[in-house]
Undergrad: 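The following block contains the structure, expressed as structure tokens.
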Amino acid sequence: MLKTHNAFLIILLITFGFKLNAQNFIGVSQSNYAGNYAVNLNPAHAVDGRYKIHLNLAGVGVGLQNNHLKWAAPYSLFRLITKTVPSRYLSATSGLPVWQPSYYQFTNANRAKLFINGELVGPALTLTFPRLGFGISGGVRFRLFGSLTNTSPGIAQTIATGTRNPALQNIDYIDSHGLMNIAAVNEFYGTIAKVIREDGPTFIKVGATAKRLTSNVNLSVNATDVDYRIEPNSALNMSQTIQVPQAQGGFFHAAATTGTPGFGWVIDQMTSFSAVGNGFGAEIGIVYEQRPNYARQRYKYKGQFIPDPEVNKYKLRLGASLTDVGFITFNGVNEVQVGQITNSGRVIQPATFYQIGTTQEFVSDIEDVFDPDSPYGNSFRILMPARLNLQVDYKFREGFYVGGILRQSLFGNRRMGPVSYSGLSIIPRFEKKYVEFTFPVSLDQDYTNFNFGATMRAGPLWLGIDHATGWFGIAKPKSLSAHAGLFLALGHRRPGNSLLDCWFEPESRQKKAGLFRKK
């Protein structure tokens with residue numbers, strides 16, 4: 001399928017080389033039993049959770065979104081991965097699926113966008129203290145941001161189908177452009193949350209997170225003005241040459257000179273407080289809850305009425321948070337390259353930008369073909385993809401909820417550095433202490449891609465997909481994702497000599513009424 005001149009392989013190879021499998025955990029994050037996953041959505045959730053102690057052991061997942069390429073094969077990606085493709089679509093000699101050009105289709109988008117985001121959630125601990133109205137959380141997670149944005153359709157189609165596609169050959173593409181970003185970021189974070197108001201049915205809590213950010217890989221390539229033409233080298237079209245009459249753009253790149261990207265490399269990043277790139281981040285959040293039955297959900301202990309920590313007390317919950325605010329600065333003579341390209345009359349020979357395994361190899365191919373201006377710069381700074389999150393959660397009856405999350409990206413996706421997209425999710429769910437089912441329905445990729453999914457929690461295990469359309473080939477999908485997590489937790493317990501508020505006060509009133517009648 002992808003035979004030559006496929007620069008986009010750098011994103012895919014790095015993504016799957018890390019063996020990451022998660023991103024947003026949308027189906028998990030609204031749950032009252034989400035623990036650390038809820039804290040990552042809104043730091044205020046570090047207090048007044050259903051767990052006294054929540055220890056995340058591991059969480060993984062992947063998410064892919066694009067607006068240009070549709071999966072149109074007669075079988076789903078799920079069948080392809082599980083090797084259950086019907087026999088009529090398999091090769092008689094190799095037994096592998098036979099790929100046809102009709103298996104993918106393109107939209108009429110005039111700017112192609114693609115996002116691949118991975119996340120590996122490491123050990124994380126949340127502790128809550130209901131008598132003090134106080135909670136803390138801390139942990140580590142490794143995140144991968146990959147994107148292709150502001151890209152001309154011709155470049156996107158060449159990336160998807162390869163230069164061997166006859167429909168793309170012998171055409172003069174003028175004033176084309178494209179922007180590719182890859183960033184691998186590790187986060188060490190600590191969160192503190194406090195209840196600031198608990199007055200009758202009104203409950204308000206706030207939280208804040210501080211982060212130490214490190215990165216050993218970042219690659220941003222911005223092609224601002226490129227003219228090119230794909231030409232087959234023979235009648236059999238076995239190889240192709242790309243003529244580039246004009247090329248303008250720039251890049252910045254940072255990578256550690258030691259270590260090869262892979263799972264072991266990721267673990268090393270998650271245990272190091274310094275790297276080629278270092279920076280800091282912050283997140284803040286606030287949550288309001290309406291508790292109409294607050295008097296029935298308190299207990300009396302040592303002369304003080306305290307909310308019952310074993311139950312969900314709100315009818316309506318509203319939240320707002322600002323996440324992924326921060327920066328990373330890269331410095332290094334040998335590890336950092338910042339270059340500009342302004343030249344003409346270049347030729348990309350066959351096998352260039354092919355089978356790339358590291359960002360260094362990609363930059364090396366850029367140097368060989370385009371001869372960037374020298375000398376290189378040796379430092380640059382990136383901003384994290386800040387996002388405003390608005391949340392709502394409504395309790396219909398005991399155990400049954402419907403929630404909503406609006407995720408609005410605060411930076412555009414035409415900048416160099418990690419970028420994100422906006423989205424809206426509606427999340428019906430059924431939750432109990434040991435079991436949970438959620439069914440997120442979303443508009444992703446800046447409110448353009450429709451997706452639905454399902455997540456299940458059984459005891460300490462999360463499993464789910466947020467984009468069933470992609471996995472099961474529904475309506476020619478343009479996205480897919482999956483996530484899983486494992487944790488240990490200890491729930492709250494009321495002291496054995498405590499009395500619920502609604503049991504204590506009515507009893508005293510009844511005794512006074514009885515004495516009055518005797519008189």
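In what follows, every heavy atom counts, from backbone to side chain, and hydrogens, waters and symmetry copies are set aside.
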Undergrad: First locate atom CD1 of Ile196, then atom CD1 of Ile286, and finally report the distance between them rounded to the nearest 0.5 Å.
TA: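 Ile196 CD1 to Ile286 CD1: 5.0 Å, rounded to 0.5 Å.
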
Undergrad: Let me confirm one number: the CD1-CD1 distance from Ile405 to Ile26, rounded to the nearest 0.5 Å.
TA: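 It comes to 4.5 Å.
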
Undergrad: Does a sphere of radius 6.0 Å around CZ in Phe450 hold more than 12 heavy atoms from other residues, nucleotides or ligands, not counting ones at 6.0 Å or beyond?
TA: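 More than 12 within 6.0 Å, yes.
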
Undergrad: Would you say the side-chain atoms of Asn312 and Glu431 include a donor-acceptor pair closer than 3.5 Å?
TA: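 Side-chain D/A pair, Asn312 to Glu431: present.
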
Undergrad: Can you check whether Ala282's main-chain N or O pairs, donor with acceptor, with Thr209's side chain at less than 3.5 Å?
TA: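 Judged by distance alone, no pair lies under 3.5 Å.
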
Undergrad: Can you classify the ring geometry of His68 versus Phe106 as parallel (below 30°), tilted (30 to 60°) or perpendicular (above 60°)?
TA: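 Ring orientation, 0 to 90° scale: tilted.
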
Undergrad: Tyr314 ring centre to Arg291 NZ or CZ under 6.0 Å, with the angle to the axis within 45°?
TA: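 That pair does not qualify as a cation-pi contact.
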
Undergrad: Looking only at side chains, do Asn36 and Ser137 share a donor and an acceptor under 3.5 Å apart?
TA: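 Side chains of Asn36 and Ser137: pair found under 3.5 Å.
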
Undergrad: Identify the two heavy atoms, one from Ala44 and one from Gly285, that lie closest to each other, and give their separation to 0.1 Å.
TA: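 Smallest heavy-atom distance, with atoms named: CB-O, 3.9 Å.
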
Undergrad: Checking Thr214 against Glu187: is there a side-chain donor and acceptor pair closer than 3.5 Å?
TA: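 Not at all, the side chains of Glu187 and Thr214 share no donor-acceptor pair under 3.5 Å.
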
Undergrad: Assess, by modelled atom type and distance only, whether the side chains of Asn32 and Arg317 contain a donor and an acceptor separated by less than 3.5 Å.
TA: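 The criterion, which ignores hydrogens and geometry beyond distance, is satisfied for Arg317 and Asn32.
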
Undergrad: Would you say the side chains of Asp444 and Asn451 form a donor-acceptor pair under 3.5 Å?
TA: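 The answer is yes; a qualifying pair exists.
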
Undergrad: Testing the 3.5 Å rule here: is there a donor-acceptor pair between the side chains of Asn66 and Gln445?
TA: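 Distance-only check fails for Asn66 and Gln445.
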
Undergrad: For the residue pair Phe134 and Phe129, does the interplanar ring angle fall in the parallel (under 30°), tilted (30 to 60°) or perpendicular (over 60°) class?
TA: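 Taking Phe129 first and then Phe134, their aromatic rings lie parallel (interplane angle under 30°).
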
Undergrad: Consider only side-chain N and O atoms of His177 and Thr151, and report whether a donor and an acceptor are under 3.5 Å apart.
TA: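 No, because no side-chain N or O of His177 sits under 3.5 Å from a partner of the opposite role on Thr151.
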
Undergrad: Decide whether Asn186 and Gln269 meet the rule of one side-chain donor and one side-chain acceptor closer than 3.5 Å.
TA: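 No, no side-chain donor-acceptor contact under 3.5 Å.
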
Undergrad: How about Phe437 and Phe430: are their ring centroids closer than 6.0 Å?
TA: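 Between Phe437 and Phe430, the centre distance exceeds or equals 6.0 Å.
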
Undergrad: Assess the side chains of Thr455 and His483: does a donor N or O sit below 3.5 Å from an acceptor N or O?
TA: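 Judged by distance alone, the side chains do pair up.
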
Undergrad: At what distance, to the nearest 0.5 angstrom, does NZ of Lys315 lie from CG of Asn293?
TA: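 Result: 8.5 Å between the selected atoms.
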
Undergrad: Is it the case that the side chains of Tyr394 and Gln290 hold a donor-acceptor pair, with the cut-off being a distance below 3.5 Å and no angle test?
TA: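 Result is no, nothing qualifies.
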
Undergrad: Are there over 12 heavy-atom neighbours, none belonging to Lys52, within less than 6.0 Å of that residue's NZ?
TA: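 No, because the 6.0 Å sphere around NZ of Lys52 holds 12 heavy atoms or fewer from other groups.
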
Undergrad: Ring of Phe188, cation from Arg212 - is the NZ or CZ under 6.0 Å from the centre and inside 45° of the axis?
TA: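 Output no; distance or angle outside limits.
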
Undergrad: May I ask you to decide if the ring planes of Phe330 and Phe380 are parallel, tilted or perpendicular, using 30° and 60° as cut-offs?
TA: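 Because their plane-to-plane angle is under 30°, the rings of Phe330 and Phe380 count as parallel.
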
Undergrad: To the nearest 0.5 Å, what is the distance between CZ on Phe452 and CD1 on Ile426?
TA: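 The CZ atom of Phe452 sits 15.5 Å away from the CD1 atom of Ile426.
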
Undergrad: Please say whether the positively charged group of Arg381, taken as NZ for Lys or CZ for Arg, lies over the ring of Phe327, i.e. under 6.0 angstrom from the six-membered ring centre and within 45 degrees of the axis.
TA: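 Pair Arg381/Phe327 counts as cation-pi.
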
Undergrad: Quiz question: by atom type and distance under 3.5 Å, do the side chains of Arg407 and Thr323 form a donor-acceptor pair?
TA: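 The answer is no; no qualifying pair exists.
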
